[in-house]
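Chain A is the first sequence line, chain B the second, and so forth, proteins listed ahead of strands; every chain is numbered from 1.
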Amino acid sequence: MFIKSATELVKSSYFWEKSGVEYLQELNDVQAQAVTATEGPVMIIAGAGSGKTRVLTYRIAHIIRQGIEPYHILALTFTNKAAREMTNRIARVIGEVDARAIWMGTFHSIFSRILRFESDRIGFSSNFTIYDTDDAKSLIKTIIAEMKLDDKKYQTSQVYNRISSAKNQLISATKYAESPEWIEGDKFSNRPLIAEIYKRYAHRCARVNAMDFDDLLLRTNQLFASCPNILEKYQQRFKYILVDEFQDTNLVQYAIIKQLSIVHKNICVVGDDAQSIYAFRGANIENILNFEHDFPTLRKFFLEQNYRSTQNIVEAANSVIAKNTRQHKKNVWTGNQEGNKIKLFKATSDNEEGFLIAQQVFENKMNHHRLYTDFAILYRTNAQSRALEEALRRLNIPYRIYGGTSFYQRKEIKDLLAYFRIIINPNDDEALKRIINFPTRGIGKTTLDKILEAASDNDVSIWTMIENLQNVSIGISPAAMFKINEFRKMIRDFSMKLTQTNAFDLATVVASQSTLLTDLYKDKSPEGVSRYENIQELLNAIKEFSEGHGTEANGTSLAGFMEEIALMTDADNDKDQDKDRVVLMTVHAAKGLEFPYVFVTGMEEGLFPSQMSYQSRDDLEEERRLFYVALTRAMQQLTLSYAANRFKYGQPVFSEPSRFLFEINPACVEMQIRKQPSVSDKEQSHQPISLKTKRYIIPANSALKKPVNKLSHSSLPIIPLSELKIGMDVFHERFGEGTILTLDGILPNQTATIRFDDGEKRLLLKYAKLLMPQK
DNA sequence: CCAAAGATTGTCACA
DNA sequence: CAATCTTTGG
């Protein structure tokens, strides 16, 4: 988009024509002060909806206006999307070219760029792979298996989380092993060997030239700490540093920006402690204190006027957040009108909740002539989206879901990407394991295990081992050897094209020669067709990439594409943004956004606040901040809902309304009288929905890939777990009728032995879904 | 060696 | 329920 729209031109010349700083009149006093205080350390405490982005935008413009070159500015945002939006807004003020020259992006993307450039200083090469969470976990799993540890005790994701939080607190593998605190913690939780796993994990990542998300930050910090000249180079480059969403930064991120800014001290952090919702990821509120300590000449600005929401919404949010003990006192107020009261309704089931919301969206849109994009439906967990989607489809309301399994998580996409990864970095073990026998080429488990063991013994990557197979005798049959060589030739062949061919051409060759694409083409099942289409979509994206970035340095290469998508999330994929759709997303994903109409759903104990937050006060307070974020997304109308009965893991679960609902100032809330049992009620609980009689608009980007409706085909009532007794006759979808012989264990994990016609089975009750037998 | 059936297990949020 | 791991039969 190099051609500016007419309005943009007008705006930008409007800005420039002003000789002085008259544009500051568009800001309130505090905002203007925050914009013009460009020198020295600054902290902006920005309440929800207080015009934070506007301040940041003008501040950057102001700095440039004073003659600073844009490339001396580093602006760190929380998401790629935020970075892109800010770039666009700045472009409108100072022009496209200058805006693009600013170093603007997430911590991860900016520092991975720097790491690629300086990789040799820390023993990596510039083509290092970025391991996503799946890769990292898979590697950890391998290590746990190699160490012959009990995988019940050492659960992959727990180990991963432990290592990740260590990294976020600047604890390297070496430090970890030496730290009594961490070691004791592991002993206490009966996992004394995590230090060893961490060590091996770090070693393996280095061996295969890979970094996980946390490494991107940890290694950057190490780079700066250990190479003074490199640090100095970037200190000189980044004369002005801005950090958005400062409350969500962790210790490593803080350490990095501190090092970078300690010379010029022109650092501006913007945040709101009331919106800190990423402590689970290592975000550290203490950073605010650290900052005050490390930059004593700090100036603070408090943006407290909310321009976004009605009085009712602001007041409700304030009353909730006041229940937190740990918080900076702040007085968020608004000059906006009082607005409607907050609506609150109870639904009998998650399906009904969805139905009522869909209905309200429809009515409000019609009555108030709104666009669908004016509505957002928020929830605590991604799993909740299903019932909501279903309801929206029934009413033909187009929607778009953010988050959940993103496009790049799909199996077929990951398969093809694994080929690309191997071509770029042949030592990428995780990618190699994924594709060495996919599509199947006769290199089976036995053969692979031999290679893996040999690679491990020699401390080399799998690819290196393959390249040297003829020099060792590890008992691989000539037949297998032949197939390995075929594979090797194919990859080498691709690799040779890497530098000569553009991303799209190479990707096409890989997709077809690996037979990935042709195999999928042959599969005519609905899933197969959808997978084929997904691959096509990926190829299209690559095509767009290689055509669109023609001017930038590595812009047409496959490596460039992979770099771009490695750090992308589903929220960044906004190609359908211009379409008029209702938005569905988690509260986390909604941070920083605003909508005229907001629905916050699933306001139930155990869900929001999450069950897992019950143990600690801190966690509960984080949930409350999350709720605060949810409330403050709304501009005009806020609606809260909860369901008395919700399906969890395929079992209906009763729940109480969330405690948070009782924390809202009652004066702001209006109880909705629910209408009489709706159509959906009857339909959903008793008869299977007939797909034929309903018309569906399936939004292009939604998961049309999956069959829409998988309601149980049985109409028999489900027996509540508590009513199961020994000797009782039950009915099971697959096994038929049976009799309970024994019941063991305690309720959440209770099992039963049941005699069916074809033998006895042990079933975990919470999954079994036992029905009343037909009489 | 491999696909398909069977069994098990898990999910809070995310770059 | 859905995703993943394990077993099984060809």
When the ring centroid of A:Y278 is compared with that of A:F78, is the distance short of 6.0 Å?
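Ring-ring flag for A:Y278/A:F78: true, centres closer than 6.0 Å.
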Under 4.0 Å between any heavy atoms, over every strand shown, what does A:Y278 touch: base, sugar-phosphate, or nothing? Just pick one.
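The residue A:Y278 makes sugar-phosphate contact but no base contact.
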Side-chain N or O of [X] less than 4.0 angstrom from OP1 or OP2 on [N]?
X: A:R386; N: C:dA2; result: yes
X: A:N168; N: B:dA15; result: no
X: A:S613; N: B:dC12; result: no
X: A:N80; N: B:dA15; result: no
X: A:K483; N: B:dC1; result: no
X: A:N250; N: B:dA15; result: no
X: A:T586; N: B:dC14; result: yes
X: A:S164; N: B:dC14; result: no
X: A:K152; N: B:dT9; result: yes

What verdict does the salt bridge (Lys or Arg N to Asp or Glu O under 4.0 Å) test give for A:E486 and A:R441, after you've listed the backbone C-alpha separation in whole Å, the side-chain angles of each residue and the deciding distance to 0.1 Å?
CA-CA 9 Å; A:E486 291 285 288; A:R441 48 175 71 85; over 6 Å; no
Without decimals, in angstroms, what is the distance between [X] [atom1] and [N] [atom2]?
X: A:L626; N: B:dC14; atom1: CG; atom2: P; result: 10 Å
X: A:L584; N: B:dA13; atom1: CG; atom2: C1'; result: 16 Å
X: A:D215; N: B:dA15; atom1: CG; atom2: C1'; result: 13 Å

Test A:D415 against every option in A:R421, A:R531, A:R434, A:R410 by the salt bridge (charged side-chain N to carboxylate O under 4.0 Å, His left out) rule and name the one that passes.
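In the set A:R421, A:R531, A:R434, A:R410, the residue that makes a salt bridge (charged side-chain N to carboxylate O under 4.0 Å, His left out) with A:D415 is A:R434.
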Identify which nucleotide among B:dC12, B:dC2, B:dC14 has an atom closest to any side-chain atom of A:N382, counting heavy atoms from C-beta outward.
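Given the options B:dC12, B:dC2, B:dC14, the side chain of A:N382 is closest to B:dC14.
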For the side chain of A:A589, starting at C-beta, report the closest nucleotide among B:dC14, B:dA15, C:dC5.
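Per side-chain heavy atoms of A:A589, the pick is B:dC14.
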Go nucleotide by nucleotide along DNA chain B from the 5' end; which of A:Q155 and A:N161 gets its closest nucleotide reached first?
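Taking each residue's closest nucleotide, the earlier one in sequence belongs to A:Q155.
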Nearest-nucleotide 5' precedence on DNA chain B, A:T447 against A:E623:
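The residue mapped nearer the 5' terminus is A:T447.
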Backbone N/O of A:Q169 and side chain of A:N250: donor-acceptor pair under 3.5 Å
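No: the side chain of A:N250 does not pair with the backbone of A:Q169.
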cation_pi(A:R380, A:Y642) dist<6.0 Å, angle<=45
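So A:R380 doesn't make the cation-pi contact.
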Report yes or no: is there a donor-acceptor pair, N or O only, under 3.5 Å between the side chain of A:S109 and the base of B:dA15?
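Side chain to base: no pair present.
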